[in-house]
There are 2 protein chains.
Amino acid sequence: MSSQTSSLRDRTRRAVQKEIADAAHALFVERGYEETKIDDIAAAVGMSQRSVFRYFETKEELVIGKFDFAAAAMLAIVRDRPMEEAVWVSLRRVFDEMVAPCDDPGQRPAAVSILSVVFGTPALFAAYLQKMHQLQEAIVEALLERANAAGRPYAGDDPAPRALTAAAFGCLVAAQHSWLAGGTTKTFAQALDQAMAAVRSPQVPPRTG
Amino acid sequence: MSSQTSSLRDRTRRAVQKEIADAAHALFVERGYEETKIDDIAAAVGMSQRSVFRYFETKEELVIGKFDFAAAAMLAIVRDRPMEEAVWVSLRRVFDEMVAPCDDPGQRPAAVSILSVVFGTPALFAAYLQKMHQLQEAIVEALLERANAAGRPYAGDDPAPRALTAAAFGCLVAAQHSWLAGGTTKTFAQALDQAMAAVRSPQVPPRTG
DNA sequence: GCTGTATATGTCAGTGACTGTCAAGATGGT
DNA sequence: ACCATCTTGACAGTCACTGACATATACAGC
């Protein structure tokens, strides 16, 4: 019952998890998500089907589980941003966690292939939207706490924080869609900034043609 | 091969569909979605499991298929709104199709029970988000066509229409969530108006020149 | 009425994601 | 070396969903 932050067993577990996810990812890109059976993934890593499900609750988690890492970092960002900062700006900073892998030359190919599979597979996309919604709820919670700490709490039934966060996530997904559809020519940061500016332009709207 | 808008067979098919959906709905509310098997629904309407799947592609469609009706009406609204109207306002009018059942005393109990099941069942909620996203895409398409018809088309890569629509749908879902969580005390129209106002509060008409 | 064609339905077998269970094996601490 | 704990494979089972085939029912023309 050692409560180490990272025991040996924990580390090996993470390693095996990564190995399975990588093998699955490769197969998904190669043959497609639906066409790849759990047995194929199990065979690729030399395990039984049952053991794959001991590391991932569902097939979808093999792909969208990658966003769980970002989730923790995003919540930390909400808390660390200056309390006076406008919510919309803080949310944009939160999304930097999603932007980074897409615009970093090293991680970009992997990020694009993941997003392509997600956006190209209805079942996966539904799971992705759900995960974003969970994340959204957690961020709303963090925003409420931040407002409390700042001494200006929201009214109990004020829909503003939830609505703003939902709108921002809408922009995030819309930006991902546009960015992928446009052949990922510009940076994802640009696509996201444009989308978010279209909904809530800063004080002075930039020249609109 | 009669191409009537509503042949006898079409009508009986709709009737059977409604009968199945109603039976399923009752069982879902009574025992819960996951606990209700397709066989239970089939037995309730005196059919085989196979026949249920001839009327509904998936178990989820038994619930969220109800939104397909609204979808067609919503697209019509986009097209019928004055072309000068701000997109955000048109989207609010589009959502009237979702508001009506929630605020009409006659349909309200049914609407609330459906939304409760959807928001209370992760698998269903994921499917719901996906369906809203499909609807969203269709509405973006309609907005683009409307802009074309008005003589001021969007630039090919302008993320504004998609971002605005995504943000509006975010508000819709957030409002539904708040409305349900708050015990449906106020009207849903109020909840939605508040949410959408929080994102684009005083709709300042863009100074184009 | 009779017949041919299209549609609706039941039955059966099968796939694939996922779960519970149990026994055997590997591991880590003492 | 020993024991508690974790890990694994094997097996059987559930449930959503699909394809195939046979049968029944409906609707047409004659």
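Naming convention: chains lettered A, B, ... in sequence-line order (proteins, then strands); numbering from 1 in each chain.
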Can you see whether [X] engages [Y] through a side-chain donor-acceptor pair at a distance of less than 3.5 angstrom?
{"X": "A:Tyr55", "Y": "A:Glu19", "value": "no"}
{"X": "A:Asp193", "Y": "A:Gln190", "value": "no"}
{"X": "A:Gln176", "Y": "A:Tyr128", "value": "yes"}

### Query
DNA chain D: A:Arg50 or B:Thr36, which has the more 5' nearest nucleotide?
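Looking at DNA chain D, the more 5' nearest nucleotide goes with A:Arg50.
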### Query
Between C:dG16, D:dA16, D:dC17, which one does the side chain of B:Thr58 approach most closely?
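Comparing C:dG16, D:dA16, D:dC17 against the side chain of B:Thr58, the answer is D:dC17.
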### Query
Of all the nucleotides listed (D:dA16, D:dA26, D:dT8), which has the minimum atom distance to the side chain of A:Ser51?
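Selected nucleotide: D:dT8.
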### Task
Assign B:Gln49 to base, sugar-phosphate, or nothing according to its heavy-atom contacts below 4.0 angstrom with the strands shown.
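Since a base atom lies under 4.0 Å of B:Gln49, the category is base.
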### Query
Which part of the nucleic acid, if any, lies within reach of B:Tyr55 when heavy atoms closer than 4.0 Å are counted: base, sugar-phosphate only, or nothing?
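Contact class for B:Tyr55: sugar-phosphate only.
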Take the protein atom [atom1] of [X] and the nucleotide atom [atom2] of [N], then report the distance between them rounded to whole Å.
{"X": "A:Asp39", "N": "D:dC11", "atom1": "CG", "atom2": "C1'", "answer": "14 Å"}
{"X": "B:Arg14", "N": "C:dA8", "atom1": "CZ", "atom2": "P", "answer": "13 Å"}
{"X": "A:Arg13", "N": "D:dC6", "atom1": "CZ", "atom2": "C1'", "answer": "11 Å"}
{"X": "B:Ile38", "N": "D:dC15", "atom1": "CD1", "atom2": "P", "answer": "11 Å"}
{"X": "A:Arg54", "N": "C:dG20", "atom1": "CZ", "atom2": "P", "answer": "11 Å"}
{"X": "A:Phe53", "N": "C:dG16", "atom1": "CZ", "atom2": "P", "answer": "12 Å"}
{"X": "B:Phe56", "N": "D:dC17", "atom1": "CZ", "atom2": "P", "answer": "13 Å"}
{"X": "B:Leu62", "N": "D:dC15", "atom1": "CG", "atom2": "P", "answer": "16 Å"}

### Message
Is it true that, when you exclude A:Arg14 itself, more than 12 heavy atoms of the residues, nucleotides or ligands shown sit nearer than 6.0 Å to its CZ?
### Response
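Incorrect, the count does not exceed 12.
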### Query
Ignoring hydrogens and geometry, is there a side-chain-to-backbone donor-acceptor pair from A:Thr165 to A:Pro161 under 3.5 Å?
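Yes, the answer is positive, given that a donor and an acceptor are paired below the 3.5 Å cut-off.
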### Task
Give a yes/no on whether any side-chain N or O of B:Ser48 is located under 4.0 angstrom from OP1 or OP2 of C:dT9.
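For C:dT9, neither OP1 nor OP2 has a side-chain N or O of B:Ser48 closer than 4.0 Å.
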